[in-house]
Amino acid sequence: MAADTLRVEIVTPERAVFSGDVTEVVLPGVAGEMGVLPGHLPLLTGIAMGDLSVVQGGKTRHFFVESGYAEVLPNGVSVMTEACDGIDEIDVAKAKQALAHAETQMKALEARSHEEVEHDVHDAHVQALDRARRRLLAAEREPKH
């Protein structure tokens, strides 16, 4: 690894998604987007659902990540997230189906408004709908090669 690169590891509970030397990382931090360059001061930060990008060989690669944590060191970044996919790997048709399913589930929950719906159940449905929308938006805006 050269002094002008960072070793980046992105892992989920199921798999290692990305491992490589990059010149820049942009994380979706919980307080906003955060850029990381070689030599960055060490820190541990939460990451939010969104677009994580790495610059490798002059090309930018985008990933859709869910919440998690990132450990930043002067020579590397380790990202531990619940789920992550390369944006160019997201199947738009499946993402549309997931969004339609999440919308249907939310409508069914709202139809039960005469009942008391547990707060955590409602929050889980809202999060699923938000995740499906963001995933589809990310996939549709990524140029396909």
Side-chain angles (χ1 to χ4, degrees), residues 1-110 112 117-145:
M1 176 174 55
D4 58 346
T5 62
L6 295 161
R7 183 69 177 177
V8 174
E9 307 282 338
I10 304 172
V11 297
T12 70
E14 289 81 33
R15 66 187 179 112
V17 177
F18 177 83
S19 179
D21 295 335
V22 305
T23 54
E24 180 182 1
V25 180
V26 178
L27 302 167
V30 292
E33 203 171 70
M34 182 178 91
V36 179
L37 299 171
H40 198 286
L41 291 174
L43 77 106
L44 182 62
T45 186
I47 58 172
M49 184 185 323
D51 182 48
L52 180 154
S53 62
V54 297
V55 178
Q56 185 179 44
K59 295 183 180 180
T60 302
R61 182 160 179 208
H62 297 271
F63 298 89
F64 182 80
V65 296
E66 294 197 19
S67 61
Y69 296 92
E71 178 184 33
V72 177
L73 299 171
N75 62 349
V77 177
S78 296
V79 177
M80 289 82 43
T81 179
E82 288 298 315
C84 176
D85 291 300
I87 289 178
D88 59 343
E89 299 168 349
I90 296 173
D91 182 326
V92 173
K94 285 184 181 179
K96 286 180 180 180
Q97 288 175 343
L99 177 57
H101 178 73
E103 288 172 340
T104 300
Q105 293 294 323
M106 193 66 188
K107 286 178 186 172
L109 186 66
E110 289 169 351
R112 294 174 37 195
V117 177
E118 292 182 24
H119 187 68
D120 59 335
V121 171
H122 180 265
D123 286 351
H125 281 75
V126 169
Q127 289 174 359
L129 184 58
D130 184 44
R131 179 176 38 256
R133 283 182 180 146
R134 288 178 182 229
R135 223 174 126 76
L136 180 58
L137 286 171
E140 288 181 331
R141 88 170 161 255
E142 176 70 11
K144 303 298 179 195
H145 305 293

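Treat the numbers as computed from the prediction; the structure is a model and nothing was measured.
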Which atoms form the tightest heavy-atom contact between [X] and [Y], and what is the distance?
X	Y	answer
V8	V54	CG1-CG1, 4.4 Å
S53	T60	CB-CG2, 3.9 Å
T23	D4	CG2-O, 3.9 Å

### Task
Sort out for me which residue in K94, R15, R61 forms a salt bridge (charged side-chain N to carboxylate O under 4.0 Å, His left out) with D85.
R15
Note, [X] side chain near [Y] side chain (heavy atom, < 4.5 Å):
X	Y	value
S19	R7	yes
S67	M49	no
F63	V17	yes
P74	P42	yes
L43	L41	no

Name the one of [options] that satisfies side-chain contact (heavy atoms from CB on, under 4.5 Å) with [X]?
X	options	result
L52	V79, V77, V26	V79
V36	V72, V22, L73	V72
M80	V11, I47, V65, I10	V11

First locate atom [atom1] of [X], then atom [atom2] of [Y], and finally report the distance between them rounded to the nearest 0.5 Å.
X	Y	atom1	atom2	answer
N75	L6	CG	CG	7.5 Å
E71	T45	CD	OG1	12.0 Å
D21	Q56	CG	CD	7.5 Å
E66	T81	CD	OG1	6.5 Å

### Query
Just checking, is any N or O donor in the side chain of S78 or E9 under 3.5 Å from an acceptor N or O on the other one?
no
### Task
Check whether more than 12 heavy atoms from other residues, nucleotides or ligands sit under 6.0 Å from atom CD of E82, and answer yes or no.
no
